[in-house]
Structures are given as structure tokens and as C-alpha cells.
Amino acid sequence: MENPIAKSILFLLCVPTLIQLAYGLDIVQHYCKLAAKTDPYVDYKLCVQTLKANPNSEDADFKDLVMISINQAKANATEIRSEISELMKRTSEKWGKYSLNCLKSCLELYSEAVSDLKKALRGLKMEDYETAKTAVSAAMDAPVSCEDGYKEKGGEVSPLSETNDGFFQLVAISLAFINMC
């Protein structure tokens, strides 16, 4: 069943885009600017850089940008899973038992994040913004929980801090966009 209110809101979000395009302003910059203004976790430059890295963003409307941002976060989470697996294989002797358990936990968290982001994409395609928002929020927990695992034991240092931070920022962009839907 189609939701006429959701369609009206989406149309209203597209009107400024049409006006901006008529005046030569960039849709990616416009929505990244809005996202950065409404969410303190969104870095404007990272938002623009990330979205413009995808060639599909050139002809995108707002809903396309939301999909692109979620797909990029999902791809990043998949890369992080591979990175963690490699860390565990290559240097299993290097890590103590506690740190190895943290890596295993992080691997599981990022696997769940990939599933959550797939669920968000399905929700978005069906214009079920609440499901998309909940799923993206769940994915956003992965880097925080991963880091928290290391912090529980004094002296443990996460080898994934920068990676976790980068993923958190990507997901923050997706969540800010969904909150605009």
C-alpha cells in the first residue's frame, strides 16, 4: 500500500533539488550540507567525497543518494570483515586471547551490520523508512561495540579504531539522509 504522505514529503525534498539544478548547484553538496547541519556526526567533506566517488551520484535524486550511501556503508562493512579475518589469520600469534576474542566479536558485529544494511535497503525500496532507519541505526552500533570490547580491559588497544571511526561516519551519513525522508 502506497503512503501518500511519504510521497508528498519525498516530492517536497526533490523541489529544492530541481531549483538548485536549474541554478547550477550540486545535489550532492546540497544534501550533504543539510545532513551536516542536522547531524553533528556527519562530516560534510566526507559526505561529498564519498557520494561523488560513486558515478551514479551524478544523475541521482535524493532517494538515489540515500541508496548510494547505504550501499557504500555496506561495501565498507564487507571490507572491514575481510580486514578483520586477515588480521586474525596473519597475526593470530601476535594477539593475546582477549584481543583475539575482541576481533572475533568485531567480525560478528560487522557481519550483523552488513545484514542490517541489506535490510535497510529493502526497507527503503519499499518506502518503509522506519525499518530503514532502525536497520541503519543497528548497523551504527557495530563500530561502537567493537571499540567498547577493547576498552573493557585496561591496556588493550584496538587495531580497528580508525576503521571503526570511518564506518561510523559513513553510517551517520546514511542515517542523516533517512531522517530527512
Side-chain angles (χ1 to χ4, degrees), residues 3 5-21 25-84 106 109-147 160-181:
N3 183 343
I5 295 172
K7 282 191 171 194
S8 297
I9 291 171
L10 194 56
F11 173 76
L12 290 174
L13 283 170
C14 292
V15 169
T17 302
L18 296 173
I19 293 168
Q20 286 186 324
L21 291 175
L25 298 175
D26 187 292
I27 184 173
V28 170
Q29 291 174 341
H30 169 73
Y31 284 110
C32 285
K33 191 174 193 176
L34 282 175
K37 280 184 179 180
T38 60
D39 188 326
Y41 295 116
V42 174
D43 179 287
Y44 171 77
K45 288 180 183 177
L46 177 67
C47 181
V48 171
Q49 177 185 10
T50 301
L51 291 173
K52 287 193 175 220
N54 185 313
N56 295 325
S57 69
E58 291 178 25
D59 300 325
D61 61 17
F62 177 68
K63 187 174 178 180
D64 293 334
L65 291 180
V66 180
M67 298 285 273
I68 289 168
S69 73
I70 295 171
N71 274 312
Q72 287 178 312
K74 183 173 68 79
N76 185 248
T78 302
E79 288 173 23
I80 293 169
R81 284 189 322 190
S82 296
E83 178 184 337
I84 294 169
C106 292
L109 289 164
Y110 277 100
S111 293
E112 291 171 11
V114 170
S115 295
D116 290 331
L117 293 169
K118 287 178 181 177
K119 184 177 183 178
L121 288 167
R122 286 190 304 271
L124 191 61
K125 286 177 186 172
M126 296 174 13
E127 295 185 357
D128 181 356
Y129 301 112
E130 198 57 41
T131 294
K133 181 179 179 178
T134 301
V136 170
S137 294
M140 197 173 213
D141 289 339
V144 175
S145 296
C146 179
E147 283 299 307
L160 300 168
S161 292
E162 285 183 36
T163 303
N164 286 330
D165 185 51
F167 179 73
F168 183 88
Q169 290 182 26
L170 286 178
V171 178
I173 294 165
S174 298
L175 187 58
F177 281 174
I178 290 172
N179 284 331
M180 287 189 249
C181 289

Residues two or more places apart in sequence or in another chain: which of them pass side-chain hydrogen bond (donor to acceptor under 3.5 Å, both in side chains) with S161?
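Applying side-chain hydrogen bond (donor to acceptor under 3.5 Å, both in side chains) to S161 gives E147.
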side-chain hydrogen bond (donor to acceptor under 3.5 Å, both in side chains) partners of T163, counting only residues at least two apart:
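side-chain hydrogen bond (donor to acceptor under 3.5 Å, both in side chains) list for T163, sorted by chain: E83.
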Could I get the full list of side-chain contact (heavy atoms from CB on, under 4.5 Å) partners for D165, not counting sequence neighbours?
Q169
With E130 via side-chain contact (heavy atoms from CB on, under 4.5 Å) - residues at least two apart
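E130 satisfies side-chain contact (heavy atoms from CB on, under 4.5 Å) with D128, K133, T134 once adjacent residues are dropped.
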Let me check something: any side-chain donor-acceptor pairs from residues 32-39 under 3.5 Å, sequence neighbours excluded? List them with distances.
residue: T38; atom: OG1; partner: L34; partner atom: O; Å: 3.1
residue: T38; atom: OG1; partner: A35; partner atom: O; Å: 3.2
residue: D39; atom: OD1; partner: Y41; partner atom: N; Å: 2.7

Taking distance alone, no hydrogens or angles, what donor-acceptor pairs closer than 3.5 Å link side-chain atoms of residues 110-124 to residues at least two apart or in another chain?
residue: Y110; atom: OH; partner: N164; partner atom: OD1; Å: 2.5
residue: S111; atom: OG; partner: L107; partner atom: O; Å: 3.0
residue: S115; atom: OG; partner: S111; partner atom: O; Å: 3.4

Considering all heavy atoms of both residues, which atom of [X] and which atom of [Y] are nearest to each other, and what is their separation?
| X | Y | value |
| --- | --- | --- |
| K63 | K125 | NZ-O, 4.1 Å |
| A172 | V42 | O-CG2, 3.5 Å |
| Y31 | M180 | O-CE, 3.8 Å |
| A139 | F167 | O-CE2, 3.5 Å |

Ring-plane angle category for F177 and F62, please: parallel below 30°, perpendicular beyond 60°, tilted otherwise.
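Answer is perpendicular, since the angle exceeds 60°.
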Enumerate the side-chain hydrogen bond (donor to acceptor under 3.5 Å, both in side chains) contacts for residues 67-79, please, sequence neighbours excluded, ordered by first and then second residue.
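Every pair satisfying side-chain hydrogen bond (donor to acceptor under 3.5 Å, both in side chains) with a residue in residues 67-79: S69-S174.
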Taking C-beta and beyond as the side chain, do I178 and I70 meet within less than 4.5 Å on heavy atoms?
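With C-beta onward as the side chain, the pair touches.
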Extract all donor-acceptor atom pairs below 3.5 Å that involve side chains of residues 47-54 and protein atoms in other chains or at least two apart in sequence.
residue: T50; atom: OG1; partner: L46; partner atom: O; Å: 2.7
residue: K52; atom: NZ; partner: D26; partner atom: OD2; Å: 2.7
residue: N54; atom: OD1; partner: N56; partner atom: N; Å: 2.7
residue: N54; atom: OD1; partner: N56; partner atom: ND2; Å: 3.4

